[in-house]
Amino acid sequence: MPATEWTVPLLVDWIRTYADDVAAAADDLTALDSAIGDADHGSNMKRGFAAAVTALDEKPPATCADVLKTTGMSLVSHVGGASGPLYGTFFLRLGAAAGTETTVDATTFGAGLHAALDGVRARGKAEVGDKTLIDALTPAVEAYDAALAKAADPSDDALVDAIAEATKAAAIGRDSTTPLQARRGRASYLGERSVGHQDPGATSMALLFAAAEQVTR
Amino acid sequence: MPATEWTVPLLVDWIRTYADDVAAAADDLTALDSAIGDADHGSNMKRGFAAAVTALDEKPPATCADVLKTTGMSLVSHVGGASGPLYGTFFLRLGAAAGTETTVDATTFGAGLHAALDGVRARGKAEVGDKTLIDALTPAVEAYDAALAKAADPSDDALVDAIAEATKAAAIGRDSTTPLQARRGRASYLGERSVGHQDPGATSMALLFAAAEQVTR
Amino acid sequence: MKKLINDPSDVVTEALTGMALAEPGLRVDADQRVVYRAEPKDAGKVALVSGGGSGHEPMHGGFVGFGMLDAACAGEVFTSPVPDQILAATREVDRGAGVLHIVKNYTGDVMNFEMAAELAAADDVQVQTVVTADDVAVEDSTWTAGRRGVGVTVLVEKIAGAAAEAGLSLDEVAALARRVSEGGRSMGMALTSCTVPAAGKPTFDLPDDEMEIGIGIHGEPGRHRVPLAPASQIAPMLLDPILGDLDFTGGEVICFVNGMGATPELELYLMYGEIAKLLQEKGIRVARSLVGSYMTSLDMAGCSVTLLRADDELLRWWDSPVQTPGLRWGR
Amino acid sequence: MKKLINDPSDVVTEALTGMALAEPGLRVDADQRVVYRAEPKDAGKVALVSGGGSGHEPMHGGFVGFGMLDAACAGEVFTSPVPDQILAATREVDRGAGVLHIVKNYTGDVMNFEMAAELAAADDVQVQTVVTADDVAVEDSTWTAGRRGVGVTVLVEKIAGAAAEAGLSLDEVAALARRVSEGGRSMGMALTSCTVPAAGKPTFDLPDDEMEIGIGIHGEPGRHRVPLAPASQIAPMLLDPILGDLDFTGGEVICFVNGMGATPELELYLMYGEIAKLLQEKGIRVARSLVGSYMTSLDMAGCSVTLLRADDELLRWWDSPVQTPGLRWGR
Ligand SMILES: Nc1ncnc2c1ncn2[C@@H]1O[C@H](COP(=O)(O)OP(=O)(O)O)[C@@H](O)[C@H]1O
Ligand SMILES: Nc1ncnc2c1ncn2[C@@H]1O[C@H](COP(=O)(O)OP(=O)(O)O)[C@@H](O)[C@H]1O
Ligand SMILES: [Mg+2]
Ligand SMILES: [Mg+2]
Ligand SMILES: [Mg+2]
Ligand SMILES: [Mg+2]
């Protein structure tokens with residue numbers, strides 16, 4: 001049965017599912033990072049989300065904010081590199097927006113995504129087109145908004161539909177990084193040689209939305 | 001016309017010819033030394049005999065002893081490693097036996113070879129069967145003796161024949177090293193793993209007799 | 001992958017454990033992955049904290065000790081440390097006179113040190129940060145994350161470390177560190193790629209007859225790939241971009257020829273000879289030199305060259321005693 | 001072959017030229033290929049001369065300086081120096097108190113040093129020789145040229161160098177050097193072969209999933225080839241033959257974990273951790289340790305372990321100041 005709102009178990013399920021997904025995709029993410037970075041994005045994400053799962057297991061979260069902040073803190077404390085602060089900020093901001101309830105509705109989640117996007121942009125100072133995870137995250141947030149706006153009288157399917165649209169947009173955004181020349185992160189050191197490679201962070205970001213779609217659907 | 005005795009130009013010719021031969025065979029000698037040593041026998045021999053040729057060019061030798069001692073000193077001073085002192089000693093001893101004449105006859109040369117063999121054995125303390133250049137040198141000296149003894153009344157062909165016999169014996173001695181386990185030099189460190197490889201020093205020693213045969217024939 | 005390791009994910013912790021046992025001058029917190037001096041600095045003196053991804057040894061842990069760093073935070077291989085480590089180290093080494101963070105300019109390093117500095121400020125620990133960015137292979141423009149911090153980092157740590165030991169204030173030490181950072185330029189090249197343990201295979205493929213010019217220290221490929229060349233031709237490929245970027249003529253320099261990890265000392269000295277010859281031709285006087293593998297990239301073969309504008313003050317700090325596992329003289 | 005060199009036949013001379021420019025504490029005779037101290041030792045003190053094939057840097061040229069060697073003779077790559085060089089060095093450094101030759105046990109090294117010593121004796125320079133032969137990979141029997149001299153050579157040079165600096169007589173310094181040499185045992189392994197510049201290709205082929213145990217420092221293949229294994233299993237492969245050969249239990253040791261040239265420090269510290277753990281289990285106390293690439297084999301990846309029986313006297317000499325490019329403390 002499709003979810004109408006986020007609950008604590010559902011958010012935990014998202015993190016767990018994504019932890020499995022990045023573990024399975026770790027070699028591919030690292031291969032992408034080998035081409036235009038330093039060959040660690042897969043192991044960074046795998047290590048970080050494994051730590052998040054452990055933290056959620058050790059101290060079962062009471063509220064939605066607990067799930068997301070514990071995840072964010074785990075990432076900040078265990079990843080390092082560029083993705084640690086960026087993904088960490090993403091979840092910390094999303095958690096702050098979620099508040100101290102045990103559920104989060106589609107509208108609140110959308111506001112959270114905006115806060116998360118703003119936080120990640122403030123931390124990393126990247127814009128759309130710089131060939132970073134921002135290129136997947138920004139269109140995803142916009143698509144979520146648009147889908148929600150279309151559901152004139154927020155229906156039961158609003159959350160699921162909005163996440164599905166966000167996931168599609170994130171995938172398109174991820175693919176859009178391939179022809180770009182990087183302007184942020186390690187890939188920028190390569191100059192023109194970064195062209196023709198898909199950005200690893202945009203790839204892991206697209207997977208994050210895909211995991212959300214999978215658990216809410 | 002076959003040589004009946006060594007002259008100063010003939011000895012110089014021997015050194016020159018051998019210098020060319022070891023330069024041409026340098027890669028092969030080094031390859032043999034790669035298998036059971038440290039991959040330098042070819043470059044050692046090439047460097048040493050090039051230095052000898054330069055020394056002979058710079059100060060043209062007056063006597064047979066001059067040729068051989070200059071060669072021996074050049075080897076000692078420019079080769080290093082095991083082959084420097086050993087080949088150096090060989091030529092220094094051969095030179096000492098040659099005396100201050102401008103020719104050396106077959107008998108004197110034979111005595112010189114014995115002195116040279118003794119010197120090399122004293123320096124390196126190797127015996128026949130230890131898988132070293134001694135395995136080529138010893139039978140060569142013995143074959144030289146035998147051939148000379150057979151030429152009852154030393155004839156015109158005595159030197160050429162004796163050197164030809166020595167060359168054959170050196171080649172057989174060289175081949176005999178392949179199945180042996182080394183007991184001297186670097187190859188001995190390999191223990192049983194040295195079995196099945198031809199000794200580089202025995203190979204260069206066989207070439208030395210071949211060069212003598214070529215210039216006297 | 002051929003390495004003297006056990007499980008790739010334990011490499012950093014196990015290496016730190018070995019370092020703790022081998023180096024009596026250090027105290028290693030293997031959990032937090034922070035290397036401290038066994039004997040902390042006197043109260044009232046500025047402390048220096050650096051750190052970064054592992055795999056660059058002896059930088060940074062090997063530079064902890066008298067006259068250089070007070071603490072170094074070790075991240076995963078090629079991954080910057082996390083704010084927790086940096087904050088713990090910063091709190092631990094503060095002797096009341098403030099802490100200087102020495103950070104190489106990489107997105108991850110800068111962000112993680114920034115977060116730690118924000119947290120330290122909340123704790124009332126004075127922190128200043130110097131970001132090194134000396135790699136002329138990268139253009140410093142809005143089109144990049146800015147220049148990478150490479151070889152000059154070692155020189156900053158040595159020189160600022162000496163000044164901190166002598167009792168200069170945080171503002172003074174930070175200003176000196178920035179001056180060194182700004183007066184240094186570097187350029188590196190690779191004959192082979194490195195292999196990150198967790199990745200298990202070389203980060204990039206490099207044919208037998210080619211080399212990368214303008215590489216970083218994390219296995220990032222270089223700016224361009226060229227046919228293999230003799231040392232005498234490699235030297236100007238490294239030096240010319242440096243000299244083109246900052247005018248060193250007429251002055252004195254500290255010249256640092258660094259090995260990337262798998263380069264024999266024989267080759268480094270030979271390379272230094274080539275660089276020294278070119279500098280002499282250009283009228284640049286080498287006041288001090290440093291040749292060796294001090295900032296490595298795991299098992300990469302190759303080298304980098306760093307030139308630093310020198311003056312009497314910098315040279316005095318350079319010559320001051322230093323006693324660390326990786327750099328040691330005068331004590 | 002990928003190396004930072006020009007013509008392979010010029011490697012040694014060009015590296016020495018670079019070293020001369022980089023190291024103000026040294027004086028290099030690039031023609032004779034001898035590295036001297038810039039400031040000779042005081043008259044009346046015993047001098048130490050060592051040398052060997054090049055390609056093992058920092059050994060030996062990098063160990064010339066206060067508290068260690070007085071001169072080092074550099075042969076071609078992996079080829080012992082010639083008697084001329086050794087004689088020139090011996091004459092030059094003799095301060096009237098005699099000269100100790102420190103020679104690694106290889107046929108070529110022994111013969112060339114022997115010839116030089118004979119010539120020096122004719123010159124009335126007193127020479128004594130200590131031959132190091134610590135490699136337990138080689139059986140010392142009539143079936144071999146005897147054990148190879150490896151890691152203990154570094155320790156002999158340090159300890160005898162300190163004693164010579166303190167003014168001990170030639171007999172005393174030589175006796176001390178022999179005691180160190182006899183109390184040390186080593187064992188090495190390789191993950192990859194080295195490549196001799198003049199040969200242009202790896203000395204031996206080693207598949208990606210195998211390693212050589214019991215290698216020498218000249219690219220000689222080892223005693224046996226085994227499947228690649230984690231560091232925790234390599235450690236006993238190196239340590240057990242050492243402990244089986246000489247009883248170290250109950251006593252103190254100096255433990256030296258050495259990199260073969262292309263081994264990152266990260267891996268060496270990790271390896272040291274494994275060795276230290278085993279030693280502790282066996283009740284062998286490590287009094288001092290040395291971890292780094294001090295005796296290399298060009299660009300070979302791998303390591304060796306040396307244990308030396310220590311006592312208060314040896315440790316005092318070990319701790320004495322030393323000031324060389326390759327080893328430096330206390331001064
Ligand atoms: N300034 C930035 N803003 C947003 N995303 C960034 C920025 N810099 C890097 N990234 C993202 O981080 C990814 C790399 O992450 P990772 O490999 O884990 O860290 P590191 O680059 O430190 O090794 C890149 O693919 C890119 O998507
Ligand atoms: N003790 C010895 N006596 C005689 N010949 C020896 C002895 N040791 C080594 N050799 C010879 O020297 C050869 C190796 O010479 P070379 O490679 O030039 O020197 P090194 O072994 O020092 O590298 C061996 O193949 C062997 O024939
Ligand atoms: Mg990365
Ligand atoms: Mg050889
Ligand atoms: Mg990284
Ligand atoms: Mg040799």
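A, B, ... follow the sequence lines: proteins, then strands. Residue 1 opens every chain.
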- Of all of Ser193(D), Pro202(D), Pro8(D), Ala145(D), which one pairs up most often with chain B through heavy atoms under 4.5 Å apart? Ala145(D)
- Flag yes if more than 12 heavy atoms outside Glu101(B) fall under 6.0 Å of its CD atom; otherwise flag no. no
- Note on the structure: Counting heavy-atom pairs under 4.5 angstrom with chain D, the leader among Gly124(B), Ser77(B), Ala31(B) is Ser77(B)
- Message: Heavy-atom cut-off 4.5 Å, strictly under: side chain, backbone, both or neither for Arg123(B) against chain D?
- Response: both
- Item | Crowding at CG, Asp27(B) (>12 non-hydrogen neighbours, <6.0 Å) | no
- Message: Please rank Gly216(D), Gly75(D), Pro83(D) by heavy-atom pairs under 4.5 Å with chain B and give me the top one.
- Response: Pro83(D)
- Query: Is it the side chain or the backbone of Ala182(B) that comes within 4.5 Å of chain D heavy atoms, both, or neither?
  - Reply: backbone
- Considering all heavy atoms, the nearest Arg186(B)-Phe78(D) contact: NH2-O, 3.7 Å
- Message: Using every non-hydrogen atom in the two residues, find where Thr79(D) and Val79(B) come nearest and quote the distance to one decimal.
- Response: CG2-O, 3.1 Å
- Item | Part of Val76(B) within contact of chain D (heavy atom distance under 4.5 Å) | both
- Task: Can you measure from OG1 (Thr203(D)) to CG (Asp33(B)) and round to the nearest 0.5 angstrom?
- Result: 9.0 Å
- Message: Looking at Asp205(D), I'd like to know if its CG atom is crowded, meaning that more than 12 non-hydrogen atoms belonging to other residues, nucleotides or ligands lie closer than 6.0 Å.
- Response: no
- Residue among Ala39(B), Pro85(B), Ala35(B) with most heavy-atom pairs under 4.5 Å to chain D: Pro85(B)
- Between Gln32(D) and chain B, which part of the residue has a heavy atom less than 4.5 Å away: side chain, backbone, both or neither? neither
- So, the part of Arg225(D) with a heavy atom under 4.5 Å from chain B: the answer is both
- Item | Option that, when pairs with chain D are counted at under 4.5 Å, heavy atom only, ranks first among Asp40(B), Thr30(B), Asp130(B) | Asp40(B)
- Message: Under 4.5 Å from any heavy atom of chain B, what part of Val138(D) do you find: side chain, backbone, both or neither?
- Response: side chain
- Which one of His224(D), Gln85(D), Glu76(D) has the most heavy-atom pairs closer than 4.5 Å to chain B? Glu76(D)
Per-pair distances, 0.1 Å, donor-acceptor, side chain in residues 91-99 of chain B, under 3.5 Å, sequence neighbours excluded:
none

- Query: Around His78(B), counting heavy atoms of other residues, nucleotides and ligands shown, do more than 12 lie under 6.0 Å from its NE2?
  - Reply: no
- Among the options Ala187(B), Ser83(B), Ser43(B), Ala82(B), pick out the one with the most heavy-atom pairs lying under 4.5 Å from chain D. Ala82(B)
- Is any residue of residues 105-117 of chain D within less than 4.5 Å of chain B by heavy atoms, and which ones? Asn105(D), Tyr106(D), Thr107(D), Gly108(D), Met111(D), Asn112(D), Glu114(D), Met115(D)
